[in-house]
Amino acid sequence: MTPLQNQYSQQYGPGNYVPDVFIQYWGMRVMAYLAVVVTLIGLWGLWLIRRKKLATSRLFLWVATWAVVLPFLMNTAGWLLTESGRQPWIVQGIMLTKNGISPSLSTTWIAISLAAFVLVYAVIATIELLLMLKYSKKPLPPPRAAAEADAPVPAVQY
């Protein structure tokens with residue numbers, strides 16, 4: 001046992017006060033390494049923009065399409081890092097998570113708030129799905145003529 005574990009066990013009672021080092025170690029590295037990857041992809045894109053080759057670089061467009069999941073993975077790794085490193089504390093050294101329940105909040109209110117969140121997110125997901133289906137069925141614009149190939153392309157075109 002570590003001296004800190006001994007001190008906390010005496011001060012707060014029995015329990016494991018040492019966070020899971022494996023999750024801490026890899027959560028931080030996944031978050032940091034993926035941030036470097038996203039930065040490099042962005043710099044690659046800027047380089048292609050300066051060379052006016054962004055729209056024709058098949059490799060970059062393929063990588064960028066699959067890289068869309070990286071911020072989600074970074075966010076998840078950061079969340080795991082934060083939450084596992086905080087356990088078993090709500091406030092470090094002051095309040096344990098087992099003491100963090102609210103005695104004035106009934107199970108009914110928890111169920112109502114959970115149902116409300118699920119309903120709101122279901123409505124938002126349905127609207128997003130309908131919008132994606134609507135715009136994915138629209139026909140593509142006609143291909144540009146050779147003379148227009150070097151003309152700038154707007155970032156967003158409706």
Side-chain angles (χ1 to χ4, degrees), residues 16 19-92 94-158:
N16 183 10
D20 188 347
V21 177
F22 179 82
I23 295 174
Q24 298 300 118
Y25 182 87
W26 285 107
M28 181 63 198
R29 273 142 191 84
V30 166
M31 192 172 57
Y33 295 156
L34 290 181
V36 171
V37 171
V38 168
T39 302
L40 291 174
I41 292 170
L43 291 173
W44 182 18
L46 287 174
W47 180 70
L48 289 171
I49 287 172
R50 298 224 4 133
R51 294 184 59 216
K52 298 185 187 327
K53 302 233 185 233
L54 181 68
T56 58
S57 175
R58 292 178 54 91
L59 178 61
F60 175 79
L61 295 175
W62 183 84
V63 168
T65 299
W66 286 103
V68 77
V69 74
L70 295 180
F72 172 76
L73 295 175
M74 291 164 51
N75 186 22
T76 303
W79 176 77
L80 284 170
L81 171 72
T82 302
E83 294 302 323
S84 67
R86 171 182 0 222
Q87 289 298 320
W89 304 102
I90 290 176
V91 180
Q92 181 71 35
I94 297 174
M95 188 176 192
L96 294 171
T97 52
K98 68 181 180 182
N99 301 329
I101 62 168
S102 178
S104 63
L105 190 62
S106 70
T107 306
T108 305
W109 280 108
I110 292 173
I112 290 171
S113 63
L114 177 63
F117 276 112
V118 169
L119 181 65
V120 167
Y121 279 107
V123 167
I124 291 171
T126 303
I127 291 170
E128 182 177 354
L129 177 66
L130 292 174
L131 287 172
M132 285 193 294
L133 290 174
K134 174 185 174 183
Y135 287 106
S136 67
K137 291 178 182 176
K138 288 180 96 174
L140 294 173
R144 299 189 315 165
E148 297 175 340
D150 292 331
V153 178
V156 178
Q157 184 176 7
Y158 295 99

> Quick one: OG1 on Thr82 to CD1 on Ile23, what's the gap to the nearest 0.5 Å?
Replying inline: 12.0 Å
> Would one find more than 12 heavy atoms of other residues, nucleotides or ligands at under 6.0 Å from atom CE of Met74?
Replying inline: yes
> Given Thr126, which of Val123, Ile124, Leu129, Leu130 fulfils the side chain to side chain contact (heavy atoms under 4.5 Å, CB included) condition?
Replying inline: Leu130
>> Could you measure the distance from the CH2 atom of Trp79 to the CE atom of Met31? Nearest 0.5 Å is fine.
In response: 14.0 Å
> From Thr76 OG1 over to Leu81 CG, what is the distance, rounded to the nearest 0.5 angstrom?
Replying inline: 12.0 Å
>> Just verifying a value: how many Å separate Thr39 OG1 and Leu34 CG, rounded to the nearest 0.5 Å?
In response: 10.5 Å
>> How long is the straight-line distance from CD of Gln24 back to CZ of Arg29, given to the nearest 0.5 Å?
In response: 10.5 Å
>> I need the full list of salt bridge (charged side-chain N to carboxylate O under 4.0 Å, His left out) pairs touching residues 65-84, with sequence neighbours left out, sorted by first then second residue.
In response: Glu83-Arg86
Residues 52-73, side-chain donor-acceptor partners within the protein, below 3.5 Å, at least two apart:
residue : atom : partner : partner atom : Å
Thr56   : OG1  : Lys53   : O            : 3.2
Ser57   : OG   : Phe60   : N            : 3.4
Thr65   : OG1  : Leu61   : O            : 2.7

> Rounded to the nearest 0.5 Å, how far does OG1 of Thr107 lie from CD1 of Ile112?
Replying inline: 11.0 Å
> Which atom pair, heavy atoms only, marks the closest approach of Gly27 to Ala77?
Replying inline: O-CB, 3.6 Å
